Each structure stands twice: as C-alpha cells, then as structure tokens.
There are 2 protein chains.
Amino acid sequence: MTGLRERKKARTRAELQAHALRLFRDRGWAATTVDDIAAAAEVSRSTFFRYFPTKEDVVLFDDVDPLMAEAFDELPAGTPLLSAFRRGLATAFGRLDPEKRELEEIRMGLARTVPEIAAAVRERNGLGVDQVATKIAEGLGLDPGGLDVQLFAGVVTGARLAAQSLVTREPGRSYVDTLDAVLARLEQGIPLADLPLPGPTGPPRTG
Amino acid sequence: MTGLRERKKARTRAELQAHALRLFRDRGWAATTVDDIAAAAEVSRSTFFRYFPTKEDVVLFDDVDPLMAEAFDELPAGTPLLSAFRRGLATAFGRLDPEKRELEEIRMGLARTVPEIAAAVRERNGLGVDQVATKIAEGLGLDPGGLDVQLFAGVVTGARLAAQSLVTREPGRSYVDTLDAVLARLEQGIPLADLPLPGPTGPPRTG
DNA sequence: ATATCAACTGAGACTGAGTGTCATATTTGG
DNA sequence: CCAAATATGACACTCAGTCTCAGTTGATAT
C-alpha cells in the first residue's frame, strides 16, 4: 500500500522533475548540470541518478499511453483503423489534466530546441515503429512482424514526425491540432503519391 | 589542388574510421574508447576529435545522398512521385561500390544493436522529415512547409523506419530489398487503413 | 518498545566523452 | 630558404554516468 516510503519517493521524484524543468527553461539545457538540479531539489547527485538514469529521462516522463489505450477501447467497433488512430489520439490528448498538459507543452518546447531531447523523445516515448506495430497487432490479432502491420505503424509514425516537423517550422501551432489535420489528410490517401515528375530539364541538385 | 595536406587529412580520416569500425565490431561499442581508436590509428585523442566531433560521427559517414539525387534526376518525366522514390532508391543502392556497400552493412549492423548509434542515424543521415521534404519541394517547385509535402516526406520516412524494423525483427533480410517491398506495398495505398476495428472484448457499445 | 531487516541516501572515487589552450612540428607559397 | 598557415600532441578541465561503502530511516515482528 502507500506507505510513507512510497509517498516520499513520489514526492522526491516530482520535486526533481519540477526543479529540472524550471532550470532547463530558465538557464538552458547545457548550462544546467545534474548537480544544479540535485541542489535545487535538496538531494544529492547520487539520488538524482537513482530516480532518473540519465539527464534526459527527467524530461521524458509522460503517461499518455494508458489514456491512448483507454480511448482506443472505447471506439465503436467497425471504425476504420486509421480513423481510429486519429480519434483515439484526439480524445486522449483532450483528456489530459491541465498539469500534464502544461508539462507536455514544456516538453515539446524543449524537444523542439534541444537536439539531445529531441532524439531521446523520438527514441523512447512510444515512437518506435515496432512498439506501435506490437500494440496494433495485439488489438487486432495480427502478426506483429507482418509487412502490413509494420508498414502501417511506420506510416502512423511518419505522420507524427510530419506533424512535429510542421510545428517546428511554424512555432505557435498546436501540436495536437496539427497531428489531427495530418491524420485527416492521410485518411484520403498518401498525398502527392501520384504527382507526376516534371521533366529532368533543370532539376536542382542537393548533393 | 590536392596538396599533400589534403591527401594526408583524407588518409587520416579514413584510417580513423576503418580502425574504429573494426574495433566496434570486435570489442563492442562501449568497450571501445576514443583513446583506443586514436591509439590504433596512431594519432592523438585530440586529433580524433578534430576529425569527428563525437564518437558517433565516426560511424555516420555515408555518401548515398548524391547518388540518390543522381538516380532521381535520371528518371523519366511523368513517373509518379512515390514510384520515383522507390526506383530512385533501388538504383542508387545498386550503384554503390562494394566498399561502400560493406561499410553500409557494418553501419546497419551497429545501428541495429547500439541504441546510441541508432538514435544518431535517425537524427542525422537524411532521415529527418524536413530534410526529405525540402528536397522534394525543391525538385517539384512546391512549398517545403506545406502539409502535403511534409506528410509525404513523413510517410516515406515512416516506410524507411518500417523496413528497418522488419530487418531488425528478422536479421539476414536485405535492408534494400525490404525497403523496396515496403515501398511497393505502399504504392497500393496505406495497408490496413480501412480495416474495421473489432469490438473491445464483447459486443461494442455503439453509443 | 525494541531489535532486525530492507531500502533509501550521501559522500566520494573513478571512467570516459567532449572542450579549450598552448607550444611544437609540418606543409605551402613566395 | 623563410614566413605564414595549419595540423598535431600534450595537458588540464568540466560534466555525465557508474560504482562502492557506510550511515540513516522506514517497515515489521516480537
């Protein structure tokens, strides 16, 4: 049950994360050392690393996955898979409590400006193709290693990346809204897929 | 002009990379320090970092981009964009000289087993959605920031991720062949997109 | 209450990546 | 051959991350 120990641990963890995010936003990522965070939270450096294996981990702390799964389960049977993804995402994000939402905003901001965090976010927070594929396969009773499942997961992941890229290009856009728009567009098929190439008259070279 | 300086630099760089890849494969990533690499290549640690800003960079050294652009330019006008991508990739990889091909294999192997490298590969080697989008937009005279362009780039990127995931699940598969199969499948539309969801556990609540 | 066990914590040493500086060697151009 | 430019090595430094060890605190059974 929730002994004193557990509560203290949760409190310390939250404290560390809160101070860390504040410091990152104020001083910047590189200028904030783990020592600074530990000092601000009034624990030792050792303790920081006991709660968060790396400096990045203190930022990567989301709990959207259970909400996603929940929203997914509530969708009516017969919903096309791609639409289901779009609607599940929308309702899950809509249900985030304001605190988590705020945290998500700070995290998105950091992910947009700090390469290390961007990489870590892409790597871990469920953005892996195989993780998505496994969940889809579980829910539908398909082979997770099948080409179609993996490719669908890849496409969805690609859509998320596109949304992220769009928000990066035009800060101020809402990430959630952008992702919704991207998925809506995707429901009509892959854009530009059949666009014919112009002649090789004067194509620019990038290399 | 190719003075002695230039040649020496190229030689040192190649030397460093060759020794590094060999050491990584033999001893593993973590067990190989930059000092080891520098010692093997008979230069100082400082010199290593002058040639490669990070330890990861010594692995990330590809020259597929120009080949891709070249193959792309040679495609006949009117080729649908998605098909163009597939064919461009295939011919570009087909043209790699054996050395580069071997290097690519080692790199793929490391990217499959070492998380740090996997992250770095995803981040840099043209796998960024925006980089792909920019190139496409350049070639077609479109707005690189448009939703369709970014989404198309995202989908293509997702396909690459799916291929990578498939190869990881079943080592021994050829990455290039897998990617070709994935893109071929994608030409027929997004797989599973219209697959209707089954009920959660029992009969669905259609409210 | 108290003794005991398990877990949390702090201190500090250690490795390795990455940065910066400065003196020395080597190439290049005149 | 000389001087400017540049590549290099040696060294010191910061910081992330790992590890060990000892002290402390919470949980539990008597």
Side-chain angles (χ1 to χ4, degrees), chain A residues 1-21 23-24 26-61 110 114-121 123-124, chain B residues 1-21 23-24 26-61 110 114-121 123-124:
Chain A
M1 310 305 179
T2 43
L4 177 54
R5 251 193 169 95
E6 311 295 325
R7 271 174 286 155
K8 255 195 171 174
K9 276 176 71 172
R11 198 181 132 284
T12 303
R13 179 181 291 267
E15 202 77 6
L16 275 169
Q17 191 185 27
H19 284 289
L21 286 175
L23 285 171
F24 291 154
D26 296 347
R27 301 188 198 171
W29 169 262
T32 304
T33 72
V34 174
D35 275 309
D36 295 337
I37 303 169
E42 292 178 323
V43 296
S44 76
R45 212 180 70 100
S46 310
T47 301
F48 175 92
F49 281 110
R50 262 187 217 102
Y51 282 95
F52 303 99
T54 75
K55 190 183 176 187
E56 282 84 15
D57 279 286
V58 80
V59 181
L60 314 175
F61 216 34
L110 285 170
V114 183
E116 284 105 318
I117 302 182
V121 166
E123 266 314 291
R124 305 184 205 186
Chain B
M1 342 263 178
T2 43
L4 178 52
R5 251 192 170 96
E6 310 296 325
R7 270 174 287 156
K8 252 195 173 177
K9 276 177 72 171
R11 199 181 131 281
T12 303
R13 178 181 292 267
E15 202 77 8
L16 275 169
Q17 190 185 28
H19 283 289
L21 286 174
L23 286 170
F24 291 153
D26 295 347
R27 301 188 197 170
W29 170 263
T32 304
T33 72
V34 173
D35 275 309
D36 295 338
I37 302 169
E42 291 179 321
V43 296
S44 77
R45 212 179 70 101
S46 312
T47 301
F48 174 93
F49 281 109
R50 260 187 219 103
Y51 282 96
F52 302 100
T54 74
K55 191 183 174 186
E56 281 84 15
D57 279 287
V58 80
V59 181
L60 314 175
F61 216 34
L110 285 170
V114 183
E116 285 105 316
I117 301 182
V121 165
E123 267 313 292
R124 306 184 205 186

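Remember, it's a predicted structure, so these values are computed and weren't measured experimentally. Below, chains carry the letters A, B, ... as their sequence lines are ordered, and counting in each starts from 1.
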Nearest whole Å is fine: how far is [N] [atom2] from [X] [atom1]?
X	N	atom1	atom2	result
B:E42	D:dA10	CD	P	13 Å
A:E56	D:dC15	CD	P	16 Å
A:F24	D:dA16	CZ	C1'	12 Å
A:Y51	D:dG17	OH	C1'	18 Å
A:F48	C:dA11	CZ	C1'	18 Å
A:K9	D:dA27	NZ	P	12 Å
A:F49	C:dG10	CZ	C1'	15 Å
B:E6	C:dT26	CD	C1'	14 Å

Nearest to the side chain of B:T47, which nucleotide is it out of D:dC15, D:dG9, D:dG17? D:dG9
Working note: B:F48 + B:V58, criterion side chain to side chain contact (heavy atoms under 4.5 Å, CB included); need CA distance, chi angles, decisive distance, verdict. CA-CA 9 Å; B:F48 174 93; B:V58 80; 4.1 Å; yes
Could you tell me whether A:S46 contacts a base, only the sugar-phosphate backbone, or nothing, with contacts defined as non-hydrogen atoms closer than 4.0 Å? base
Looking only at N and O atoms, is any donor in the side chain of A:R50 or the base of C:dG10 less than 3.5 Å from an acceptor on the other one? yes
Which comes earlier along DNA chain C counting from the 5' end, the contact point of A:R45 or that of B:R45, where each point is its nearest nucleotide? A:R45
When rounded to the nearest 0.5 angstrom, what distance separates [atom1] in [X] from [atom2] in [Y]?
X	Y	atom1	atom2	answer
A:I117	A:L110	CD1	CG	4.5 Å
A:Y51	A:Q17	OH	CD	13.0 Å
A:F24	A:H19	CZ	NE2	13.0 Å
A:I37	A:K55	CD1	NZ	6.5 Å

Would you tell me if any nitrogen or oxygen in the side chain of B:K55 comes within less than 4.0 Å of OP1 or OP2 on C:dG18? no
Residue met sooner reading DNA chain D from 5', once A:K8 and A:A30 are mapped to nucleotides: A:A30
